[in-house]
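Note sheet for the following structure.
Residue numbers begin at 1 in each chain, while the letters A, B, ... track the order of the sequences.
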There are 2 protein chains.
Amino acid sequence: MFSKACEYGIRASVYLARQAEKGDRASLTEIAKAIDSPVAFTAKILQLLARHEIIISYKGPTGGYEIPKEHLSGIQLSHIVKVIDGDKVYRGCGLGLKECNASKPCPLHFQFKAIRDELKEMLQSTTVQDLANELHRRPAFLKR
Amino acid sequence: MFSKACEYGIRASVYLARQAEKGDRASLTEIAKAIDSPVAFTAKILQLLARHEIIISYKGPTGGYEIPKEHLSGIQLSHIVKVIDGDKVYRGCGLGLKECNASKPCPLHFQFKAIRDELKEMLQSTTVQDLANELHRRPAFLKR
DNA sequence: AAAAAAACGGACAAATTTGTCCAGTATATA
DNA sequence: TATATACTGGACAAATTTGTCCGTTTTTTT
Ligand code: FES
Ligand code: FES
């Protein structure tokens with residue numbers, strides 16, 4: 001469904017969202033430990049998210065990554081997915097045709113598009129804040 | 001969403017379903033041409049489907065691949081997907097945790113599972129015959 | 001029986017994704 | 001200013017997926 005990179009990216013963002021609620025930032029190693037991901041690979045992903053201003057990075061001691069608290073409710077999962085995996089999740093044909101197009105549809109088009117649109121809607125209506133809240137309401141996990 | 005192999009597998013199966021309605025079988029090269037897929041790679045996929053008795057292969061002149069007409073309505077897309085991609089589409093965690101488990105859920109679990117279940121339901125309720133019919137009712141395409 | 005047609009299967013190769021290493025840069029603190 | 005800390009970015013490596021090649025086997029036709 002999503003690439004590994006994207007899975008790590010979302011998990012890292014949710015972890016950062018939880019930290020943001022505490023007014024904290026987190027270092028690369030802390031994040032990688034919290035979400036059980038390969039450190040150096042996670043670094044690449046965080047750099048990508050930082051370049052796209054989904055998270056902010058700070059160098060030096062006391063540095064790390066951070067999501068400004070006031071951004072929490074504005075960061076949709078769809079933003080993260082788009083930055084990391086592009087928009088084939090939202091636009092791609094289920095049977096791999098070059099483009100998904102209702103006027104030249106594959107035989108699965110209408111069934112597939114219905115579900116793809118729901119996925120898109122879900123990713124757009126869910127923010128990292130929502131997922132951080134989820135971590136409070138019930139025991140939920142970012143690793144294993 | 002699905003692997004390339006799986007996309008080719010479904011497209012090939014739909015093509016064979018349409019041929020079955022005509023009482024025809026199709027050779028590897030004919031199939032690859034019809035669905036615009038790499039010939040040798042397609043061969044591997046067809047062999048896999050044949051080993052799992054989703055399609056039947058015949059050697060020699062007049063040989064090729066075939067779906068028995070009376071099987072058409074019994075072959076669900078979910079069968080094909082499972083043989084080629086396994087069941088991570090149906091059971092996998094959206095955020096990449098080792099297993100998706102409601103009693104140890106990732107923060108996206110409930111939203112994700114809802115959509116994953118709809119996808120599963122769609123794949124189970126759609127047969128290759130349904131898709132072959134689709135090709136009759138309106139112009140639909142297996143390539144480009 | 002010989003030849004031709006078509007799938008089979010194993011080894012190999014290319015491309016992509018995932019993951020690692022390390023020297024460089026920026027920054028906080030002493 | 002020196003040092004330690006943490007992110008950055010480029011090159012590299014491993015793993016997986018995608019795709020190719022070719023000799024073998026089976027079957028039909030001549
Ligand atoms: S054309 Fe295949 S999903 Fe739209
Ligand atoms: S645990 Fe992540 S989707 Fe179920």
Side-chain angles (χ1 to χ4, degrees), chain A residues 1-12 15-16 19 24-67 81 83-86 88-89 92 95-96 98, chain B residues 1-12 15-16 19 24-67 81 83-86 88-89 92 95-96 98:
Chain A
M1 184 72 84
F2 307 123
S3 68
K4 278 289 171 197
C6 193
E7 291 171 355
Y8 296 149
I10 296 174
R11 274 150 64 189
Y15 182 74
L16 284 175
Q19 292 305 101
D24 263 355
R25 61 181 61 153
S27 72
L28 169 61
T29 50
E30 177 185 345
I31 295 170
K33 198 161 295 177
I35 70 173
D36 191 30
S37 64
V39 178
F41 190 47
T42 304
K44 300 299 186 194
I45 299 160
L46 293 172
Q47 285 163 28
L48 184 62
L49 292 176
R51 277 199 294 277
H52 284 81
E53 299 175 347
I54 288 173
I55 65 180
I56 301 181
S57 75
Y58 299 93
K59 289 183 172 179
T62 79
Y65 298 92
E66 183 183 311
I67 297 180
V81 172
V83 160
I84 301 178
D85 280 351
K88 71 181 191 315
V89 180
L95 297 190
K98 301 247 190 319
Chain B
M1 186 72 84
F2 307 124
S3 68
K4 278 290 170 195
C6 193
E7 291 171 356
Y8 297 148
I10 295 173
R11 276 150 61 190
Y15 182 76
L16 284 175
Q19 292 304 103
D24 263 357
R25 61 182 60 154
S27 72
L28 168 61
T29 50
E30 177 185 344
I31 294 170
K33 197 162 295 178
I35 69 173
D36 191 32
S37 65
V39 178
F41 190 47
T42 305
K44 300 299 185 195
I45 298 160
L46 292 172
Q47 284 164 28
L48 184 62
L49 292 176
R51 275 199 296 275
H52 284 82
E53 298 175 350
I54 288 173
I55 66 180
I56 301 180
S57 76
Y58 300 92
K59 289 183 172 180
T62 79
Y65 298 92
E66 183 183 309
I67 297 180
V81 172
V83 160
I84 301 178
D85 279 352
K88 71 180 190 315
V89 180
L95 298 189
K98 301 247 188 319

Is a salt bridge present between A/E7 and A/K4, judged by a nitrogen-to-oxygen distance below 4.0 Å? yes

Is there a donor-acceptor pair closer than 3.5 Å between any side-chain N or O of A/R25 and the backbone N or O of A/S57? no

Contact summary for A/V89 and A/F2, nearest pair of heavy atoms: CG1-CE2, 4.5 Å

Looking just at side-chain N and O atoms, do A/Q19 and A/Y65 make a donor-acceptor pair shorter than 3.5 Å? no

Letter by letter from the 5' end, nucleotides 21-30 of chain D scores (B base, S sugar-phosphate only, - none; protein heavy atoms under 4.0 Å) ----BBBBS-

Close side-chain approach of B/L28 to B/T42, heavy-atom, < 4.5 Å: yes

Separation between CG (A/L16) and CD (A/E30), nearest 0.5 Å, reads 8.5 Å

Would you classify A/R25 as touching base, sugar-phosphate or nothing, given that sugar-phosphate means primed atoms plus P, OP1 and OP2, and contacts are heavy atoms under 4.0 Å? nothing

Here the distance between atom P of D/dC7 and atom CD of A/Q47, to the nearest Å, is 9 Å

Expressed in angstrom and rounded to an integer, what is the separation of B/I45 atom CD1 from D/dT20 atom C1'? 13 Å

A/F41 CZ to D/dC7 C1', in whole Å, measures 18 Å

Using the closest heavy atom to pick a nucleotide of DNA chain C for each, name whichever of B/Y65 or A/V39 lands nearer the 5' end. B/Y65

Value rounded to 0.5 Å, distance of CD1 in B/I45 from OG in B/S37: 7.0 Å

Within residues 26-36 of chain A, residues whose heavy atoms come under 4.0 Å of DNA chain D: A/S27, A/L28

What is the first contacted nucleotide of DNA chain C and what is the last, in 5' to 3' order, if contact means an atom lying under 4.0 angstrom from a heavy atom of chain A? C/dT18 to C/dT29

Within the side chain of A/R11, is there an N or O that forms a donor-acceptor pair under 3.5 Å with the backbone of A/A34? no

Residue pair B/I31 / B/V39, side-chain heavy-atom distance below 4.5 Å: no

Check A/L49 against A/G9 and note the closest heavy-atom contact, atom names and distance. CD1-O, 4.0 Å

Counting only N and O atoms by type, is there a donor-acceptor contact under 3.5 Å from the side chain of A/D85 to the main-chain atoms of A/S3? yes

Rounded interatomic separation in angstrom, taking CZ from A/R51 and P from D/dC7: 15 Å

